[in-house]
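In what follows, a single structure is set out as structure tokens and then discussed.
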Amino acid sequence: MARFSLLHAFTLLSTALLAAGGPPTRCKCLYRQTCWPSQQAFDALQSQLSQPLLHPKPIPFPCYRGGNASNACQDIRDHFTEGLWRADIPGVMQHNNFNAFIFPNNTISKCPLNPTNGETCEQGSVPPIGVDAHSPKDVQEALRFAKQYNLKLVIHNTGHDFLGRSAGRGGFMIWTHRLKDITFHDSFVPLNQPGNAGVEAVTLGAGVQWTEAYTAVHARGKTIVGGISTNGTVGAAGGWILGGGHSALTPTFGFGVDNVLEFKVVAANGKFITVNAQSNPRLFWALRGGGGGTFGVVTSVTYKLHPKVPVSGLFIIANLHEPGTRPTNRDGIRPNSPNAVRQGVGRLRKLLCDLGLVDFLGRAERVSSRGQLLNATAPFDSFFDWYDFIFAQASSQVGVAIEISSRLLSKDTALNRPEEVAKTLLSLPRGVAFNSVAGGAASRIDPASTAFHPAWRRAIAEVAISEPVDPENTPVETVRAAQDRLKASTKLLDTITTDSAAYYNEATLHEVDFRKSFWGPNYPKLKEIKNQYDPTSLFVVARGVGSEEWDAELNCRK
Ligand SMILES: Cc1cc2nc3c(=O)[nH]c(=O)nc-3n(C[C@H](O)[C@H](O)[C@H](O)COP(=O)(O)OP(=O)(O)OC[C@H]3O[C@@H](n4cnc5c(N)ncnc54)[C@H](O)[C@@H]3O)c2cc1C
Ligand SMILES: *[C@@H]1O[C@H](CO)[C@@H](O)[C@H](O)[C@H]1NC(C)=O
Ligand SMILES: *[C@@H]1O[C@H](CO)[C@@H](O)[C@H](O)[C@H]1NC(C)=O
Ligand SMILES: *[C@@H]1O[C@H](CO)[C@@H](O)[C@H](O)[C@H]1NC(C)=O
Ligand SMILES: *[C@@H]1O[C@H](CO)[C@@H](O)[C@H](O)[C@H]1NC(C)=O
């Protein structure tokens, strides 16, 4: 059955290519252009899919055209900053700014939550139509269609991307969110691996989110290396892993990319392939850190599992502000190393709540006088219990409008120039997130084994900064000013790096040289693999491998 439909897809594809003749078109076809497929064409696509086609709209759509006081609109206001709720809405980004679109003439297409009188809800960067993929076959049909009509393709999972890579004005979307299968293996042997030495593993469908993965793996009595966010909203088998994947467990078990055994992928040529160290090994290297939305559509990822081990949380909150001034979010410092354990978790939670800290560690809102220190450790039976304590009930991180930027702090710099590092971090105007998600076991893994920037292997932490960037509620001049501040702060951060290395998944659109910052010496090989697996550039995302060949909107070749 699958084979038959594949054959069918190939026949259609080769016909399309023959008919078109000549080199690939310079521009992709966008919604409302004359090249856009007809209703009949969409009907034909529909007949091949397991689910109805999607017609994504910006979240506040029901609040317009007299709907401002409706129950639907009230519901939206109530949930607007909940990550799990937002992820269930097809095609929209977690950060509002990426749902808007700024034209070259500085006009903004947008749909703010609170409309002014007479305002209309505009589509912005939300793709107008898409496929609700429930199987690899749905993905194959969608890819075939996108290729046949030369559409601007958008792969969208949870919408957490910090560069808006899962949005695309006038694009055609593949929504991977409903690929939710979770399958455990007692002894997983990657396809074509010689011998039969397997390891305990789990296969996660591309739409599984960390909360779902953690819950299932914990019930199995195991640990998995994964990302951290309030309510575990980030995708466990999409952009996170393709961009590298850092975790609080990284110093113990390595990065996400160090824990993958195998991917299943629908490639640009429409084939459903297995990708591991033996099968498609070059693609296996590239998918581990080369970036989402670039090499193919991943339909599942198989990860190694680790034993369940006890975890100690160490909480240090220092107040560094001048006496009499209000603490800012730079005042919180949170390293994580195990230590003597005397404090009950219940008491600690209460203490942190009293300090206003369970909210989100790093914001010491109520630590009042300079030098006051909270230094507490707490025992947890497992990573899951720690995660649940800190993040399952934490405050929202999404539904706001921000851009961010990052740099990797090398162990060498941190040890040899600590004062300069501290001074630089404290001089940043809006504080800094200090993510202790590198070093230890991750530094002992061969940097050449994956496409992840080799600077990660020398790092002890990722530092990240942010600026509010809100094209929906502020004028374009304010947006540009905030972006300029972000660029200036990035430049400041750069004084404590030697190679401008940044995290592809937590980065800015405004890097001076994104190829250098995201991949360093790995870029040329990544570009070769991109050309091999996606010769017609079906997959293009902002600051992704090969994106330098496209214009600012990623619609036309330069
Ligand atoms: C609140 C928050 C917390 C975070 N915490 C962490 C963390 O702890 N560790 C960490 O490393 N990162 C973290 N991140 C960054 C996160 O890794 C990226 O935002 C990541 O891109 C999210 O991937 P996604 O699939 O969930 O999101 P999406 O925005 O849907 O997708 C991201 C990118 O991947 C592509 N993509 C998605 N699915 C597929 C697929 N199946 N096949 C091919 N391409 C695909 C998309 O096209 C897009 O380019 C966090 C981000 C946020 C907003
Ligand atoms: C986290 O999930 C719970 C349960 O779904 C929900 O009530 C809560 O509002 C969520 N929190 C955030 C910040 O999204
Ligand atoms: C800006 O450009 C867009 C898209 O081309 C167009 O629709 C809009 O009318 C323009 N606005 C102004 C003020 O020129
Ligand atoms: C829409 O509703 C909100 C919240 O009830 C209110 O503050 C706002 O003024 C309303 N806007 C309009 C245009 O009616
Ligand atoms: C925090 O507590 C640990 C264990 O009691 C101790 O070793 C460490 O020095 C303390 N740190 C600070 C900054 O007081």
Side-chain angles (χ1 to χ4, degrees), residues 60 63-64 66-70 73-74 77-87 91-95 98 113-119 133 139 153-168 173-177 179 205-211 225-248 250 255-257 263-266 287 291-301 359-360 391-400 402 404 406 433 435 437 462 464 503-507 539-544:
C63 299
Y64 284 71
N68 190 47
S70 66
C73 182
Q74 191 50 50
R77 289 187 218 281
D78 291 346
H79 295 289
F80 200 62
T81 59
E82 287 172 28
L84 290 174
W85 180 86
R86 291 178 77 99
V92 302
M93 300 299 292
Q94 294 281 342
H95 294 104
F98 295 115
L113 180 58
N114 294 308
T116 53
N117 274 326
E119 197 175 7
V139 174
L153 183 68
V154 176
I155 308 171
H156 187 103
N157 183 24
T158 67
H160 280 78
D161 195 273
F162 278 115
L163 289 89
R165 298 178 183 113
S166 33
M173 175 184 72
I174 297 178
W175 198 39
T176 56
H177 182 61
L179 293 165
V208 172
Q209 288 162 275
W210 280 118
T211 183
V225 174
I228 302 294
S229 68
T230 297
N231 273 359
T233 53
V234 172
W240 181 85
I241 184 62
L242 297 169
H246 66 60
S247 168
T250 288
F255 295 107
V257 291
F263 294 95
K264 295 277 188 185
V265 176
V266 179
L287 287 180
T294 303
F295 297 95
V297 185
V298 168
T299 58
S300 69
V301 181
D359 255 24
F360 192 53
F391 286 99
Q393 299 299 317
S395 64
S396 171
Q397 298 173 282
V398 298
V400 291
I402 58 164
I404 68 167
S406 66
N435 298 325
V437 290
E462 178 214 25
Y503 182 26
Y504 174 86
N505 280 342
E506 294 177 332
F539 307 110
V540 187
V541 292
R543 311 306 181 261

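Counting starts at 1 for both ligands and their atoms, in listed order. One is the number of the first residue; the rest follow in order along the sequence.
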Inset, instruction - Say whether T116, considering both its backbone and side-chain N or O atoms, lies within less than 3.5 Å of an N or O atom on ligand 4. - result: no
Inset, instruction - Can you sort out which atoms of ligand 1 are near Q397, meaning under 4.0 Å from one of its heavy atoms? - result: 1 (C)
Inset, instruction - Could you tell me the residue and atom name of the protein heavy atom closest to atom 19 (O) of ligand 1, and the distance to it rounded to 0.1 Å? - result: H160 O, 3.1 Å
Legend entry - Per-atom contacts, ligand 4 versus N117 - under 4.0 Å to a heavy atom: 13 (C)
Inset, instruction - Answer side chain, backbone, both or neither: which part of R165 comes under 4.0 Å from ligand 1, heavy atoms only. - result: both
Inset, instruction - Check ligand 1 against V297 and write out every atom of the ligand that is under 4.0 Å from a heavy-atom position of the residue. - result: 42 (N)
Legend entry - Pairwise side-chain contact, W210 with I228, heavy-atom cut-off 4.5 Å (strictly under): no
Legend entry - Short N or O distance, S229 and ligand 1, threshold 3.5 Å exclusive: no
Inset, instruction - Using a 4.5 Å cut-off on heavy atoms from C-beta on, say whether the side chain of V437 contacts that of F255. - result: no
Inset, instruction - Determine whether T176 and H156 make a side-chain contact, defined as any pair of heavy atoms from C-beta on separated by less than 4.5 Å. - result: no
Legend entry - Within reach of ligand 1, part of L242 (heavy-atom separation under 4.0 Å): side chain
Legend entry - Minimum-distance protein heavy atom relative to atom 15 (C) of ligand 1: E506 OE2, 3.7 Å
Legend entry - Closest to atom 28 (P) of ligand 1 (judged by heavy-atom distance), picking from G292, S166, G226: S166
Legend entry - Beyond-backbone contact of N231 with T211, side-chain heavy atoms, under 4.5 angstrom: no
Inset, instruction - Indicate yes or no: does an N/O atom of A206 lie under 3.5 Å from an N/O atom of ligand 1? - result: no
Inset, instruction - Consider ligand 1: state whether an atom of it lies below 4.0 angstrom from any non-hydrogen atom of G243. - result: no
Inset, instruction - Among all protein heavy atoms, pick out the one at the shortest distance from atom 26 (O) of ligand 1; state its residue, atom name and that distance to 0.1 Å. - result: T158 OG1, 2.5 Å
Inset, instruction - Between Q94 and ligand 1, find which residue part has any heavy-atom pair under 4.0 Å and reply side chain, backbone, both or neither. - result: neither
Legend entry - T233 side chain near V398 side chain, heavy-atom distance below 4.5 Å: no
Legend entry - I241 and V257, any side-chain heavy atoms less than 4.5 Å apart: yes
Inset, instruction - Please name the pair of heavy atoms, one in T230 and one in Q397, separated by the smallest distance, quoted to 0.1 Å. - result: N-OE1, 2.7 Å
Inset, instruction - Tell me, please: is Y503 in heavy-atom contact with ligand 1, that is, under 4.0 Å? - result: yes
Legend entry - Heavy-atom check, side chain of S166 versus side chain of N157, under 4.5 Å: no
Inset, instruction - State the atoms of ligand 1, each with its element, that fall below the 4.0 Å cut-off from a heavy-atom position in G245. - result: 11 (O)
Legend entry - Subset of ligand 4 atoms that lie under 4.0 Å from at least one heavy atom of P115: 11 (N), 13 (C)
Legend entry - Interfacing atoms of ligand 1 (cut-off 4.0 Å, heavy-atom, G293): 35 (C), 43 (C), 44 (N), 45 (C), 47 (O)
Inset, instruction - Tell me, please: is Q209 in heavy-atom contact with ligand 1, that is, under 4.0 Å? - result: no
Legend entry - Per-atom contacts of ligand 2 with G83, taking only distances under 4.0 Å to non-hydrogen atoms: 14 (O)
Inset, instruction - Give a yes/no verdict on whether any heavy atom in G296 is under 4.0 Å from an atom of ligand 1. - result: yes
Inset, instruction - Please identify which atoms of ligand 2 are closer than 4.0 Å to at least one heavy atom of N231. - result: 1 (C), 2 (O), 3 (C), 8 (C), 10 (C), 11 (N), 12 (C), 14 (O)
Legend entry - For atom 34 (O) of ligand 1, the protein heavy atom that lies nearest, with its residue and separation: G239 CA, 3.2 Å
Inset, instruction - Any atoms of ligand 1 less than 4.0 Å from a non-hydrogen atom of N157? List them with their elements. - result: 24 (P), 25 (O), 26 (O), 30 (O), 37 (C), 38 (N)
Inset, instruction - Please identify which atoms of ligand 1 are closer than 4.0 Å to at least one heavy atom of H95. - result: 53 (C)
Inset, instruction - For residues V541 and T294, determine if any side-chain heavy atom of one lies less than 4.5 Å from a side-chain heavy atom of the other. - result: yes
Inset, instruction - Give yes or no for whether the N/O distance cutoff of 3.5 Å, strictly under, is met between N68 and ligand 4. - result: yes
Inset, instruction - Using a strict cut-off of 4.0 Å, indicate which atoms of ligand 2 neighbour a heavy atom of S396. - result: 13 (C)
Legend entry - Which residue and heavy atom of the protein sit nearest atom 39 (C) of ligand 1, plus the separation: I155 CG2, 3.7 Å
Legend entry - Atoms of ligand 1, numbered as shown, that sit under 4.0 Å from any heavy atom of G159: 27 (O), 28 (P), 29 (O), 30 (O)
Inset, instruction - May I ask you to identify the nearest protein heavy atom to atom 51 (C) of ligand 1, giving residue, atom name and distance to one decimal place in Å? - result: F162 CE1, 3.3 Å
Legend entry - Protein heavy-atom partner closest to atom 42 (N) of ligand 1 - residue, atom, separation in Å: V298 N, 3.0 Å
Inset, instruction - Give a yes/no verdict on whether any heavy atom in R77 is under 4.0 Å from an atom of ligand 4. - result: yes
Inset, instruction - For atom 32 (C) of ligand 1, find the nearest protein heavy atom and state the residue, atom name and distance (0.1 Å precision). - result: D161 OD2, 3.6 Å
Inset, instruction - Report, in ascending order of atom number, the atoms of ligand 1 lying under 4.0 Å from any heavy atom of G227. - result: 7 (C), 8 (O)
